[in-house]
Amino acid sequence: MNEIRDAILADQLDAVAGMKVPESYRAVLVRKDEQDMFEGLEAKEKDPRKSLHVEEVATPELGPGEAIVAVMASSVNYNTVWTSIFEPVSTFGFLERYGKVSELTKRHDLPYHVVGSDLAGVVLQVGPGVTKWKAGDEVVAHCLSVELEDAAGHDDTMMDPQQRIWGFETNFGGLAELALVKSNQLMPKPAHLTWEEAAAPGLVNSTAYRQLVSHNGANMKQGDVVLIWGASGGLGSYATQMALNGGAIPVCVVSSAEKADIVRSMGAELVIDRSEEDYKFWKDEDTQDPKEWNRFGKRIRELTGGDDVDIVFEHPGRETFGASVYVAKKGGTIVTCASTSGYMHSYDNRYLWMNLKRIIGSHFANYREAWEANDLINRGLIHPTLSKTYGIDEVGQATYDVHKNLHQGKVGVLTLAPEGGLGVSNPEKRAVHEDAINRFRNT
Ligand code: NAP
């Protein structure tokens, strides 16, 4: 593995192409025999530092249409939090089901799950039938895994009945020295970024793009007022940039003065600090408080000069959903991709139907959307929001930070890269964007 890493660091990518794929590699994983370890604890008390391990595992066999990538850096996504706390379900059920699909997918059903849904690195080997990519290519990977044998997936690959999130619903994810991907997950690594910066946006940037910009999501247009929950977080930090780039007006919700400063530094002017303004949308476990929805809506109008919200970028779920439906304007859209605070949502349906609002479900992105989102990064129109980078042995702490909402933007993880700051092959382009790239650093 060291030989491969050294050749990548020396930019000898032709040499990498000729190297033998190692038989084993270090990987971040959860163990099947520990999937009940947190039983009886509240989700918040479940500690990823106890369940995530770094171990040597066997390199999987390479199948048709697949690639093995030497991973220089990866990042922590919220799905790594879910896997590590075995919530809302253990991911071993996904691997068992995937393992039953074919002879080839059996490889995924193992007593351990190598996690991670982002990577930046170099292709080491491609399987039969791969023509677009070759060993030695510098790449990032999006996390959509599809089989595409069914007609249903051919308008929009997210509709494939065999659609899975790589490194969450499949094995051999990106938080490791090697990763197994389908070749149609690969995209070019932006040359102006370090390995860890390039690995940071993938999952959240693509998700935000479909959810907010794509015609499959909210189809945002110029002048739209967009309420963005968690605007300095993983998804929100990309949604905020997309709203600003697209001529929309983001109203950014955050939970501290520091986070408010971060979104202002991206160019957002309308910011709500939900902690300072102390919204209490729930009176108790079962009862919401419409007066608080109303206070929140008034605050939005105050900031926008009287306008209500065209699009709500939803993901906190249960705690905020009632307010989100209420504050959307007549004919407005609530687009949701998650339920961090609970998936049983309730809202007052009178506000929805009488005001002709729409709720749209959105999930990750198809290859084209992920490619377009990566292209925005490549062109320097959207920037990574990497705040902190950990070594692979500290991945438990990195995931704990995200679980406890102690982070900003994205948290990176070095896998093969020995230190941060490596991998930039276009320093001139980087110099143009340096300040924007560093906005989230060490916040
Ligand atoms: P993140 O980096 O933790 O950011 C989420 C932000 O939401 C937090 O920083 C927090 O910001 C805010 N938030 C959390 N709980 C809240 C609450 N109860 N009320 C209001 N705001 C709250 O996570 P992320 O990467 O953005 O992911 C967010 C969710 O989306 C996760 O559940 C994740 O699994 C899901 N997700 C789904 C997809 C998909 O394809 N379906 C893709 C990516 C992520 P403040 O504290 O500053 O308000």
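FYI, side chains are in, hydrogens and waters are out, and symmetry mates aren't considered; it's all heavy atoms of this structure. Predicted model, so just to flag it, every value in this text is computed and none were measured. Both counts, for ligands and for their atoms, begin at 1 and track the order of listing.
Of all atoms in ligand 1, listed by their number and element, those nearer than 4.0 Å to a heavy atom of Gly234 are 1 (P), 2 (O), 4 (O), 25 (O), 26 (O). Atoms of ligand 1 lying under 4.0 Å from any heavy atom of Gly230, numbered from 1 in the order shown and given with element: 6 (C), 7 (O), 11 (O), 12 (C). Listed by number with element, the atoms of ligand 1 under 4.0 angstrom from any heavy atom of Glu319 are 18 (N). Close contacts between ligand 1 and Phe364 involve ligand atoms 39 (C), 40 (O) [criterion: under 4.0 Å to a heavy atom]. Which parts of ligand 1 touch Val204 is read off a 4.0 Å heavy-atom cut-off, strictly below it: atoms 25 (O).
The aromatic rings of Phe281 and Phe296 sit perpendicular, their planes meeting at an angle over 60°, well past the 30° parallel limit. The aromatic rings of Tyr326 and Trp293 lie tilted to each other, with the angle between the two planes from 30° to 60°.
Below 3.5 Å of separation, one finds no N or O of Gly236 facing any N or O of ligand 1. The shortest N/O to N/O separation between His363 and ligand 1 falls below 3.5 Å. Residue-to-ligand polar distances place His407 within reach of ligand 1: an N/O pair is separated by less than 3.5 Å. At least one N or O atom of Lys259 sits closer than 3.5 Å to an N or O atom of ligand 1.
Val28 pairs with exactly one of Val54, Val413, Thr80 by the side-chain contact (heavy atoms from CB on, under 4.5 Å) rule, that one being Val54. Considering Leu52, Val115, Asp118, Thr399 as possible partners of Val76, the one that fulfils the side-chain contact (heavy atoms from CB on, under 4.5 Å) test is Thr399. Each of His383, Lys189, Arg430 was checked for a side chain to side chain donor-acceptor pair (under 3.5 Å) with Glu197, and the lone residue meeting it is Arg430. Of the residues listed (Asn374, Asn216, Thr157), the one engaging Glu369 in a side-chain contact (heavy atoms from CB on, under 4.5 Å) is Asn216, and it is the only one.
When Thr320, Asn405, Val254, Thr340 are ranked by how near their heavy atoms come to atom 31 (C) of ligand 1, first place goes to Thr340. Nearest-residue assignment for atom 36 (N) of ligand 1 (options Leu235, Val411, Thr207; heavy-atom criterion): Leu235. Heavy-atom proximity to atom 41 (N) of ligand 1, evaluated over Ser256, Gly342, Cys337, Ser339, is greatest for Cys337. Of the candidates His315, Glu258, Arg274, the one placing a heavy atom closest to atom 48 (O) of ligand 1 is Arg274.
Arg350 has a carboxylate O that lies under 4.0 Å from a charged side-chain N of Asp348, or vice versa, which qualifies the two as a salt bridge.
Residue-level proximity to ligand 1 for Leu203 is carried by the side chain, the only part with a heavy atom below 4.0 angstrom. Contacts between Val81 and ligand 1 below 4.0 angstrom, taking non-hydrogen atoms only, are absent altogether. The side chain of Pro316, and not its backbone, has at least one atom closer than 4.0 Å to an atom of ligand 1 (non-hydrogen atoms only; side chain from C-beta on).
In plain terms, the two heavy atoms of Ala179 and Trp166 that are nearest each other are CB-CZ2, 3.9 Å.
Environment of CD in Glu55: crowded, with over 12 heavy atoms of neighbouring residues, nucleotides or ligands closer than 6.0 Å.
A donor-acceptor pair is defined here as one N or O able to donate and one able to accept, closer than 3.5 Å; no such pair exists between the side chain of Ser237 and the backbone of Gly409.
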